[in-house]
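Hydrogens, waters and symmetry mates play no part in the numbers below; they use all other heavy atoms, side chains included. Just so we're on the same page: letters track the sequence lines, and every chain starts at 1. Predicted, not measured: the structure shown is a model, and the values here were computed from it.
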Amino acid sequence: MRSPAPIRAAFGQALAEAWAGGAGALLPIGFFAGAAMLVPFTVGSEANQLAAIGTGVLWVALALASLVSMERLFQADLEDGTLELWAQEACPLFLIATAKIFAHWTVSGLPLVLLTPLIGITLQLPADQLLPAMLAYGLGGLAFFSWGGVAGALAASVPRGGLLIALLALPLFVPTAIFGALAAEPGAVGPNILFLAASTLFALAVAPFAASAALRLAVD
Amino acid sequence: MISIFANPHRFMKLSRWLAPACLVAGILLIAWSLWQALWVVPQDDYQGGDIMRAMFIHVPSAWLAMGSYMGLAVASFVWFIWRHELADMAAKSIAPIGAGYTAMCLATGAIWGKPTWGTWWLWDDARMMSVLLMFFLFLGYMALRAAMDTRQKAARAGAILAMVGAVNVPLIKFSVDIWASIHQSASVIRMDGPAMPAIYLTPLLIGALGHLIFFAALTLTLMRAEVWQRRGDVIMARKLAGG
């Protein structure tokens, strides 16, 4: 790795695209706020019911947010040739893939972590659950975006690959969703947050290499 | 050793008689175990009376569902490292058959579950969820291969996905087990209670062997079809090039 410039460029470009291509940071915030607002309408407004399922619904929203952004994760780079230039750089492709995944997590996953106190209070979550829930959404979001990145890289050369990405990534989301939901559950903070952290570390260890192998395939 | 069998000519020569032989042997063994299961074996009231005879299809298909995903992953690995084309053909052929056995496992399980557990489907049974996720892994693999525009790309993308899925399978299994042990209702009857008497075990094992051989026969047949298809493509390409 002679120069980290392509990595910084990939990260910065993804952030800039997200900023320019919509309402900036407001878009993901609006997505999560809207998803949370729908919960009382669909399941009823009783306080104990909301507290019981509110965090679970936000996990689904987080998974969907990662899937929505994954379709364009590498497709635009493939179409305009950026990916081919990256593949020829001295800097390893898996680091660039990691940078892109991190950038998309920052844009579409991190807002949920920051919004958790606000949404949590409106969904009747106990105050001492807010911090574990934020940690769980942060870790779980990283795992979602990593596996989503693999699926996005595999489907980069497939036109209209959004549904395919969802089918590829959802089974891989299961361990994170299970441990995350258990870790964010009211009352039971224990080994589950460690299991969640372990599954996230596993995703971070495996996904960049799989994604870079898939990107090489898309470039060829 | 792999290189000996990786030669397509040798494979075609061998599978020409091996595929039909496996087909006949598999069907005979399955027929014997079904005859035992449906007419000979006494019914077991503890497992819901006559409906427990579904076990003789259900359990072998569950074993094959798990085994075929491992086979898919190994074939993908061999192709990805050594680029033996037959390994890719094997992976491509295993996927639909494995998905079929997984679907059969889910269907017979639901049919068995309705009279014994009182429900077609339990969301909080770990093994049902694992098999369902396996089914989705197969579907994703087949959908990804179908979406790729060239054979080489389909093989590479499929191999990457199968290997990523395979390293995730233990994690998925572990997490689903943890989750089910929290949500599990105690009323579910477990098969692994007392050791199974030999009168059930023998037809079950023979049936499983029959399904395994039948599985091999189907895989070999699909692989042969794939070899013929590639040969046909080569002939077409030559004709087009030569005018």
**Message:** A quick test of your reading: do over 12 heavy atoms of other residues, nucleotides or ligands sit less than 6.0 Å from CZ of A:F31?
**Reply:** yes

**Taking every non-hydrogen atom, the tightest pair across B:R156 and A:R216** = NH2-C, 3.6 Å

**Asked** Which atoms of A:L217 come close to chain B, meaning under 4.5 Å heavy atom to heavy atom: side chain ones, backbone ones, both, or neither?
**Response** both

**Request:** Flag yes if more than 12 heavy atoms outside A:L163 fall under 6.0 Å of its CG atom; otherwise flag no.
**Result:** no

**Prompt:** Of all heavy-atom pairs between B:I172 and A:P171, which one has the smallest distance, and what is that distance?
**Reply:** CD1-O, 3.4 Å

**Item:** Spacing of A:L172 atom CG and B:L137 atom CG [to the nearest 0.5 Å]
**Value:** 6.5 Å

**Item:** B:V176, part contacting chain A, at a heavy-atom distance under 4.5 Å
**Value:** both

**Item:** CG (A:L38) with more than 12 external heavy atoms under 6.0 Å
**Value:** yes

**Request:** Kindly compute the distance separating CG (A:L167) from CE (B:M142), expressed to the nearest 0.5 Å.
**Result:** 9.5 Å

**Prompt:** Who wins among A:A177, A:P175, A:A203 for the most heavy-atom pairs under 4.5 Å with chain B?
**Reply:** A:P175

**Prompt:** Rounded to the nearest 0.5 Å, what separation is found between the CG atom of A:L154 and the CE atom of B:M148?
**Reply:** 6.5 Å

**Asked** What's the spacing between B:S175 OG and A:F179 CZ if we round to 0.5 Å?
**Response** 5.0 Å

**Prompt:** Could A:D220 and B:K153 be called an ion pair, given the rule that one side-chain N must be under 4.0 Å from one carboxylate O?
**Reply:** no

**Message:** Within the 4.5 Å heavy-atom criterion, are A:F202 and B:L171 side-chain neighbours or not?
**Reply:** yes

**Message:** Tell me the closest heavy-atom pair linking A:L164 and B:A143, and the distance in Å.
**Reply:** CD1-CB, 3.6 Å

**Those residues of residues 205-213 of chain A, ordered by number, that approach chain B below 4.5 Å (heavy atom to heavy atom)** = A:V206, A:A210, A:A213

**Prompt:** Could you state the interatomic distance from CD1 (B:I160) to CG (A:L168), rounded to the nearest 0.5 Å?
**Reply:** 11.5 Å

